[in-house]
Number of protein chains: 2
Amino acid sequence: MREEDRNDIRKLTLFRNMTSPAFDELMHAAYDQVFPAQLELVRQGEAANFLHVVLEGAVELYANWQDRDTTMAVVQPVATFILAACMRDAPYLMSARTLQRSRIVLIPAVDVRAAFSRDPGFALATVQELAEGYRSLVRHAKNLKLRNARERLGAYLLQRSDYAGAQGFVLPQEKRLLASYLGMTPESLSRAFKALRDHGVHIDGMRVTITDPAALKALVQTDSLLDSPLNIP
Amino acid sequence: MREEDRNDIRKLTLFRNMTSPAFDELMHAAYDQVFPAQLELVRQGEAANFLHVVLEGAVELYANWQDRDTTMAVVQPVATFILAACMRDAPYLMSARTLQRSRIVLIPAVDVRAAFSRDPGFALATVQELAEGYRSLVRHAKNLKLRNARERLGAYLLQRSDYAGAQGFVLPQEKRLLASYLGMTPESLSRAFKALRDHGVHIDGMRVTITDPAALKALVQTDSLLDSPLNIP
DNA sequence: TACCATATTTGATCTGGATCAACCTCCGAC
DNA sequence: GTCGGAGGTTGATCCAGATCAAATATGGTA
């Protein structure tokens, strides 16, 4: 694994407070790999053998049942995914696929569990990570149950715009994925965007500009108990 | 606290593997209390000062935004709730209220966090509990996004019927709560019940009997990645 | 550059589930 | 018992969002 990647991983809150020997051991068992776009990394129902860390690219977590599919999350670098299944040693509840060519580190789940037992700093970080994951899912469920489609889109855009300059920001993924994540069809998303034009949102292709944040906030009523702050830098 | 209650708590997977001194210390800081029905125990947005354990009665976890409300879960004895907020030392994302007169133990969150650091058995159990909570929320979200109202009700009934005899089982809560939990209105729930009569479900007041499990399963297509097994005895 | 495949938008229509309005039914208090 | 109020059901209607169909845009590739 590249030295630089190692350092990026070391900086994650999950690994930041490990002792160096424990971290070294964990990395020793891990290996990184570059995957092409649209590759299925994980299929729901399989045993959780690896904790995954996305270093470059992007990964979609999705679920399906019968002939229906839904996007549960998009994981962007640098972040881990499917920690819960690894800790429980249980089958994955979601599938994962690369959206772009991606560099991903695979850490054997057994080693993660071993590190948990041996390194108190890592144990604490694991709990914090899982608890935060839990809380973000609570937010997601609240969002789905309490807001309508237009409100969900507005809230998402406000969240994304936190780190945007005057020239707005670019949607980090295809609109059909965003639609699925927000629990609507692509057609509905398109119409929701159009409806938000009257509430301070300007859109041009993938670039979004919030021209009137106050108006959008008035419509959406953002709420720290529903909308998690972005923690991408 | 009553000796019997202490023992019930000790049997929970969360506390089962603690050392006795650590458990004693945790219980020393805790106190139990009986609350009347319909009392708000926790309001969303407040600081998470206590881990709660329901010993008797039932507690609803719900969320609200603007003038809308939704039931997120019903917690039945013996079980804990809001562990994630306690571990993160963050504001509750959900409110909680008693549905019946309930006996509840309150354990100061600081002591829970201290026990986590001191007792490896408890640390492991905490992670398992959080990971399982995470997974059950993933299932809830998948359920909401992938199934329609009738399918959600059918899946819920099949899950509940696992431990039921020939005379069926009694719904553990009011139908309007069940409706809200399943993401629909009481009217829609009522109609969904009626629609399921053609698929092997007989209902009389609060008592439900699955007269033709095969027919219901054919409609609902239960799936271990969507429907969590009940672990009430 | 031209072409093709896929994403997106737009329009028309449909429908699951919400809403509104009665009405019923159960149960606890008196 | 009966009265009152909340929960539950039923019917009528509405509407947000899905579906279906077709036209455009976009991006990657030869």
Side-chain angles (χ1 to χ4, degrees), chain A residues 36-38 58 60 66-71 74 97-101 143-156 170-199 201-208 219-220, chain B residues 36-38 58 60 66-71 74 97 99-101 143-154 156 170-199 201-208 219-220:
Chain A
Q38 298 305 324
E60 177 195 4
Q66 306 281 96
D67 58 346
R68 296 169 221 172
D69 276 51
T70 189
T71 301
V74 172
R97 79 175 134 234
T98 53
L99 293 175
Q100 310 154 20
R101 181 181 157 84
N143 208 17
L144 286 171
K145 291 176 86 175
L146 294 170
R147 282 188 173 133
N148 66 26
R150 198 181 54 170
E151 289 160 348
R152 292 199 297 277
L153 175 59
Y156 174 86
V170 175
L171 292 174
Q173 72 240 208
E174 288 181 337
K175 288 184 190 169
R176 66 200 180 87
L177 281 189
L178 177 58
S180 177
Y181 173 69
L182 293 175
M184 64 185 93
T185 58
E187 293 94 325
S188 292
L189 180 70
S190 181
R191 292 183 175 111
F193 266 121
K194 209 193 283 193
L196 290 183
R197 286 201 297 228
D198 298 336
H199 299 270
V201 175
H202 178 263
I203 176 149
D204 176 30
M206 290 284 116
R207 164 154 262 113
V208 175
L219 176 78
V220 166
Chain B
Q38 299 305 325
E60 177 194 5
Q66 306 280 97
D67 58 346
R68 295 168 221 172
D69 275 54
T70 189
T71 301
V74 172
R97 80 177 133 231
L99 293 175
Q100 310 153 20
R101 183 181 156 84
N143 208 17
L144 286 172
K145 290 176 86 174
L146 293 170
R147 281 187 173 135
N148 65 26
R150 198 180 55 171
E151 289 161 349
R152 292 199 295 275
L153 175 59
Y156 174 86
V170 175
L171 293 175
Q173 72 239 208
E174 289 178 340
K175 288 183 188 167
R176 65 199 180 88
L177 281 190
L178 177 58
S180 177
Y181 173 68
L182 293 175
M184 63 186 94
T185 58
E187 294 94 323
S188 292
L189 179 69
S190 181
R191 291 181 175 111
F193 267 121
K194 210 194 283 194
L196 290 183
R197 287 200 298 226
D198 298 335
H199 299 271
V201 175
H202 178 264
I203 176 147
D204 176 30
M206 289 283 116
R207 166 153 261 115
V208 176
L219 176 78
V220 167

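Keep in mind that the numbers below use all heavy atoms, side chains included, and drop hydrogens, waters and symmetry copies. Proteins get letters first, then strands, A, B, ... in listed order; numbering begins at 1 in each.
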**Study point:** Validation row: A/Gln38, A/Arg97 side chains within 4.5 angstrom (heavy atoms)
**Key:** yes
**Study point:** B/Leu153 and B/Val201, any side-chain heavy atoms less than 4.5 Å apart
**Key:** no
Show me, pair by pair, the donor-acceptor contacts under 3.5 angstrom made by side chains of residues 171-184 of chain B, not counting sequence neighbours?
| from | atom 1 | to | atom 2 | distance (Å) |
| --- | --- | --- | --- | --- |
| B/Glu174 | OE1 | B/Arg176 | NE | 2.8 |
| B/Glu174 | OE1 | B/Arg176 | NH2 | 3.1 |
| B/Lys175 | NZ | B/Gly205 | O | 3.1 |
| B/Ser180 | OG | B/Thr71 | N | 2.8 |
| B/Ser180 | OG | B/Thr71 | OG1 | 3.3 |

Point to revise | Partner set under side-chain hydrogen bond (donor to acceptor under 3.5 Å, both in side chains) for A/Arg191, not counting sequence neighbours | key: none
Exercise for review: Please list, chain by chain and in numerical order, all residues satisfying salt bridge (Lys or Arg N to Asp or Glu O under 4.0 Å) with A/Arg150, sequence neighbours excluded.
Suggested key: none
Sub-3.5 Å pairs of nitrogen or oxygen atoms, protein against nucleotides 5-8 of chain C:
| from | atom 1 | to | atom 2 | distance (Å) |
| --- | --- | --- | --- | --- |
| C/dA7 | OP1 | A/Arg176 | NE | 3.2 |
| C/dA7 | OP1 | A/Arg176 | NH2 | 3.1 |
| C/dT8 | OP1 | A/Lys175 | N | 2.8 |
| C/dT8 | OP2 | A/Arg176 | N | 2.9 |

Practice item. Mind calculating the distance between CZ (A/Arg152) and C1' (D/dG17) to the nearest angstrom? Key: 10 Å
List every contact pair, protein side and nucleotides 19-21 of chain D side both N or O, where the distance is under 3.5 Å.
| from | atom 1 | to | atom 2 | distance (Å) |
| --- | --- | --- | --- | --- |
| D/dT19 | O4 | A/Arg191 | NH1 | 3.4 |
| D/dC20 | N4 | A/Glu187 | OE2 | 3.1 |

Review point. Just how far, in rounded Å, is P of C/dG16 from CG of B/Leu153?
Key: 16 Å
Contact list (N/O, under 3.5 angstrom) for nucleotides 23-30 of chain C vs protein:
none

Point to revise | Any side-chain heavy-atom pair of B/His202 and B/Val208 under 4.5 Å | key: no
Review point. Below 4.0 angstrom from OP1 or OP2 of C/dT10, is there any side-chain N or O of A/Lys194?
Key: yes
Practice item. Please report, rounded to the nearest Å, how far the C1' atom of D/dA16 is from the CG atom of A/Leu144. Key: 15 Å
